[in-house]
2 protein chains.
Amino acid sequence: MRRSSAQGVLYGQTVANVAGIANSDLECMDILYLEGRVSAGRLAEVTGLTTGAITGVVDRLEKAGLVRRERDEKDRRKVFISVVPETAMKIGQLYVPMQQAMEKVFGAYSDEELRLLLRFAVEGYKGVLAATEALKGLLDTPPEKRPNLKLKKLR
Amino acid sequence: MRRSSAQGVLYGQTVANVAGIANSDLECMDILYLEGRVSAGRLAEVTGLTTGAITGVVDRLEKAGLVRRERDEKDRRKVFISVVPETAMKIGQLYVPMQQAMEKVFGAYSDEELRLLLRFAVEGYKGVLAATEALKGLLDTPPEKRPNLKLKKLR
DNA sequence: AATATATATCTTAGTCGCTAAGAGATTTAG
DNA sequence: CTAAATCTCTTAGCGACTAAGATATATATT
């Protein structure tokens with residue numbers, strides 16, 4: 001599964017490269033697909049980038065016609081980002097090979113087996129989230145018991 | 001699963017950040033763990049970086065004491081990279097939360113269910129590889145039928 | 001109402017890893 | 001025994017990122 005994950009990252013890099021956008025830009029497109037309309041700050045949160053970096057990401061994506069900025073009328077400090085479906089579709093096409101490959105993989109399982117895989121996917125995601133929390137904890141609490149590499153402070 | 005994968009990438013970024021090395025550096029450490037002793041060129045191949053970038057990666061990792069360069073005595077152009085286990089272990093410790101979380105997830109399944117998950121992992125990896133191939137094919141064969149974003153040529 | 005504090009995004013300067021191109025060293029082919 | 005191929009490293013320049021602070025708007029305090 002680690003290998004699949006690594007290979008999946010490579011796939012994404014190729015897509016970004018071909019589409020002529022940066023990796024982070026594509027990552028943000030992905031989030032926008034998954035979460036829909038999202039504020040700039042939330043993008044920073046989810047990607048782990050600074051808000052300054054997100055400004056750059058959205059600038060590039062907007063110039064490429066892939067997303068739109070929309071000021072929130074309720075809270076005029078906020079900027080919502082939303083994908084422009086017609087343009088974003090072109091990038092989506094580059095994922096067709098991946099989708100087909102996955103359909104083929106999943107097609108080999110019975111409904112009951114798929115239920116197990118779904119359960120695993122959900123539980124696995126919870127696990128990764130828990131691990132992320134635990135890592136943060138590991139970094140906050142124990143002072144000097146960690147690998148004494150030169151630690152850079154965490155954002 | 002896409003979400004898990006994205007979150008896993010974030011986890012890795014945090015690890016790299018804390019360890020004071022670049023993302024690509026950590027990715028290479030990962031590959032070195034999985035594949036053992038590997039040539040600089042192979043690292044470039046697997047990561048999708050240029051050989052020049054790999055030189056930088058290995059320079060930094062070597063300076064941090066995480067890997068060693070070894071010239072191949074059979075073919076003296078080649079440079080093999082291998083991890084220094086004692087030092088690399090310190091980074092490995094940062095993956096303990098992830099390992100524990102995964103053990104917990106997998107612990108909830110019977111042997112038979114685990115066999116299914118293993119089968120899925122193997123087939124899934126094959127699928128991702130196939131998709132990568134298909135993507136390359138998609139880029140080579142049809143000339144102008146692709147998303148007409150400004151295409152950067154592929155490495 | 002007026003001021004202070006907090007929040008959300010953007011701006012700027014500087015840093016760092018990456019690519020492209022080519023150099024150096026070694027191996028393989030003709 | 002020269003020529004071409006292969007592998008790594010070097011160099012110059014570029015572009016995305018961070019850190020810090022500026023700007024604009026919202027919320028809390030008096």
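These figures come from a predicted structure and were not determined experimentally. Letters A, B, ... are given to chains in the order of the sequence lines, protein chains preceding strands, and every chain is numbered from 1.
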Please confirm whether the shortest side-chain N or O distance from A:Ser24 to OP1 or OP2 of D:dC17 is below 4.0 Å.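 Yes, such a contact exists.
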
Would you kindly check whether a donor in the side chain of A:Arg77 faces an acceptor in the base of C:dT9, or vice versa, at under 3.5 angstrom?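 Per atom types, no contact qualifies.
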
What is the distance from [atom1] of [X] to [atom2] of [N], rounded to the nearest Å?
X	N	atom1	atom2	value
B:Leu49	D:dT8	CG	P	14 Å
A:Asn17	D:dA16	CG	C1'	15 Å
A:Leu43	D:dC17	CG	P	12 Å
A:Asn23	C:dT19	CG	P	10 Å
A:Gln13	C:dG17	CD	P	16 Å
B:Lys78	C:dG24	NZ	C1'	18 Å
A:Arg42	C:dT7	CZ	P	17 Å
A:Arg71	C:dT9	CZ	P	8 Å

Nucleotide nearest [X] (side chain, heavy atoms from C-beta), chosen from [options]:
X	options	result
B:Ala22	C:dA25, D:dA16, C:dG17	C:dG17
B:Arg69	D:dC9, C:dT26, C:dC18	D:dC9
B:Arg76	D:dT18, C:dT26, D:dT8	C:dT26
A:Val57	D:dC7, C:dG17, D:dC17	D:dC17
A:Thr55	C:dC10, C:dA8, C:dC18	C:dC10
A:Ala40	C:dT9, D:dC17, C:dA20	C:dT9

A side-chain contact here means heavy atoms from C-beta on lying under 4.5 Å apart; do A:Val18 and B:Leu135 qualify?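 A side-chain contact is absent here, since even the closest heavy-atom pair is not under 4.5 Å.
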
Hey, does B:Val58 have a side-chain heavy atom less than 4.5 Å from the side chain of B:Ile54?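 Of all side-chain heavy-atom pairs linking B:Val58 with B:Ile54, at least one is under 4.5 Å.
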
Upstream residue (5' side of DNA chain C) when B:Ile54 and B:Thr51 are each assigned their closest nucleotide: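 Closer to the 5' end of DNA chain C: B:Ile54.
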
Considering heavy-atom distances to DNA chain C, does A:Asp75 or A:Asp59 have its closest nucleotide positioned more toward the 5' end?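 First, find each residue's nearest nucleotide; the 5'-ward one identifies A:Asp75.
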
Across the strands shown, which category fits A:Gly52 at heavy-atom distances under 4.0 angstrom: base, sugar-phosphate, nothing?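 Base, at least one base heavy atom under 4.0 Å.
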
Check this for me: does any side-chain nitrogen of one of A:Lys74 and A:Asp72 sit under 4.0 Å from a carboxylate oxygen of the other?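 Salt bridge absent between A:Lys74 and A:Asp72.
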
Taking 4.0 angstrom as the limit, do A:Arg42 and A:Glu35 come out as a salt bridge?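 Counted as a salt bridge, because a side-chain N and a carboxylate O are separated by less than 4.0 Å.
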
Taking the nucleotide of DNA chain D with the nearest heavy atom to each, does A:Lys74 or A:Asp25 sit closer to the 5' end?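 Going by which nucleotide is closer to the 5' end, it is A:Asp25.
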
Determine the sole option in B:Asn17, B:Val15, B:Val9 for which the side chain to side chain contact (heavy atoms under 4.5 Å, CB included) test with B:Gln13 is passed.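 The side chain to side chain contact (heavy atoms under 4.5 Å, CB included) with B:Gln13 is passed solely by B:Val9 among B:Asn17, B:Val15, B:Val9.
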
